[in-house]
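Okay, so here's the structure we're looking at.
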Amino acid sequence: MTGQIVRHADQIEAVRVRFAAVHRASAVVVGDETVYGRLCRWIIHPVLEKHARQDELVSYVEENLRLIVAGLYDLYGVRPPRPDPVREAAVLSLVAPVEDSARAAMELIGPLRDVLDELTGLPDVVAAHAMTWYNIAAEQQDMADELEDFLDHDVPEWSGAGEHLRLMGHNIDAIRGLSSVSAAFGEIIESVGVLVAQTRRLVRELVISLAVAPTEATLWRLACRIAVYGVALNATLTHLQDRLSD
């Protein structure tokens, strides 16, 4: 029985170590607001505020798992494992790579591209951030499922395991909740990324149109583009508000 409980503690510890990958990934996707550009950066601030609360809950669950593992080891006189940076570093990264999309001709000119980057943001990076949130959500769901399996296979044979089941049940529910929030972040960032891309196209088209003698047709086309942009902005803000209020 002692060996089974120690193995169970080892399994929980392995899941806890994977939380480090969640922390690293979430730090990447919130670490630089400039990827949204000056024109769209204000939209993301409510998301960053909610992420701070999400990160606190991630830390809380991770600490709960650490204390549970330490308690099981201590109960049977087993020395708890020391933090292993190598083991943590070996956990697969959840950060999605940035895939460069095709650029317009004017964006191949360094100074113009730099101005566009600062003003309108980096759609490719924002898209990678959205995918990273989806990766985090999937990883959290997998961790919750694994912990539930550990309880189903290991704990029923214990005597007096009711308190352990209760504490782990709360942690599993919290992880599933975190997964849902992370998936919502992915949807939000994906929507904001579409708006960032539209902002970039609109500004680029405006620069090109004003660089030559604008015709009435050109101005009319720009007016239509701005109207469409306004509808997209309203839809994005509505979606953002709905998801943040869930």
Side-chain angles (χ1 to χ4, degrees), residues 5-31 46-76 78-96 129-156 158 160-189 243-246:
I5 294 176
V6 171
R7 187 189 74 245
H8 179 72
D10 289 340
Q11 291 171 328
I12 297 176
E13 173 64 13
V15 171
R16 188 201 64 78
V17 168
R18 286 161 60 188
F19 265 80
V22 172
H23 275 295
R24 288 195 295 268
S26 63
V28 168
V29 296
V30 301
V47 179
L48 299 180
E49 292 174 3
K50 189 159 187 174
H51 170 265
R53 297 192 294 273
Q54 154 109 345
D55 213 36
E56 290 174 2
L57 184 54
V58 169
S59 298
Y60 177 75
V61 172
E62 183 179 354
E63 178 64 9
N64 280 349
L65 295 178
R66 187 190 68 78
L67 292 174
I68 288 172
V69 169
L72 291 174
Y73 284 137
D74 185 63
L75 184 63
Y76 291 95
V78 177
R79 184 188 297 274
R82 294 183 177 182
D84 187 350
V86 175
R87 185 180 184 184
E88 292 189 5
V91 176
L92 292 177
S93 174
L94 301 174
V95 179
H129 286 184
M131 183 54 63
T132 297
W133 277 118
Y134 288 132
N135 291 344
I136 290 173
E139 178 71 1
Q140 288 168 331
Q141 185 63 46
D142 287 346
M143 287 189 284
D145 291 343
E146 287 185 23
L147 288 174
E148 194 167 54
D149 287 343
F150 297 155
L151 293 181
D152 291 341
H153 289 93
D154 297 340
V155 177
W158 302 4
E163 182 64 12
H164 179 70
L165 286 171
R166 185 184 69 82
L167 291 174
M168 287 300 299
H170 289 322
N171 285 309
I172 291 170
D173 288 343
I175 295 171
R176 293 197 194 284
L178 286 168
S179 176
S180 297
V181 173
S182 297
F185 281 165
E187 291 180 26
I188 292 170
I189 300 303
R243 297 303 285 155
L244 289 176
S245 61
D246 287 345

Pairwise distance [atom1]([X]) to [atom2]([Y]) - rounded to 0.5 angstrom:
X	Y	atom1	atom2	result
L178	D173	CG	CG	11.0 Å
Q140	F19	CD	CZ	6.5 Å
M168	I68	CE	CD1	5.0 Å
I172	D149	CD1	CG	9.0 Å
D10	I5	CG	CD1	12.0 Å

Can you find a heavy atom in the side chain of [X] that is under 4.5 Å from one in the side chain of [Y]?
X	Y	value
E62	V22	no
V30	D55	no
H51	V29	no
L72	V6	no
R16	V69	no
I136	S26	yes

Nearest atoms (heavy-atom pairs only) where [X] meets [Y]:
X	Y	result
M143	V15	SD-O, 3.7 Å
A130	I189	N-CG2, 3.7 Å
I175	A144	CG2-CB, 3.8 Å
A174	V61	CB-CG2, 3.8 Å

Test side chain to side chain contact (heavy atoms under 4.5 Å, CB included) applied to V28 and T132, step by step: CA-CA 9 Å; V28 168; T132 297; 6.0 Å; no
Listed by chain and number, what are the salt bridge (Lys or Arg N to Asp or Glu O under 4.0 Å) partners of R66, not counting sequence neighbours? E63
Just jot down the salt bridge (Lys or Arg N to Asp or Glu O under 4.0 Å) partners of D145, sequence neighbours excluded, or say none. R176
Counterpart residues, side chain to side chain contact (heavy atoms under 4.5 Å, CB included), relative to [X] (two or more places apart):
X	answer
A137	S179, S182, A183
Q11	R7, H8, F150, D154
N64	Y60, N171

Side chain to side chain contact (heavy atoms under 4.5 Å, CB included) between L65 and E13: does it pass, once the steps are laid out? CA-CA 7 Å; L65 295 178; E13 173 64 13; over 6 Å; no
Taking the basic N atoms (NZ, or NE/NH1/NH2) and the acidic carboxylate oxygens, is any pair closer than 4.0 Å for R53 and E56? no
Test of understanding: with side-chain hydrogen bond (donor to acceptor under 3.5 Å, both in side chains), list the residues that count as partners of N135, not counting sequence neighbours. none
Mark yes when over 12 heavy atoms from residues, nucleotides or ligands other than M131 sit less than 6.0 Å from its CE; otherwise mark no. no
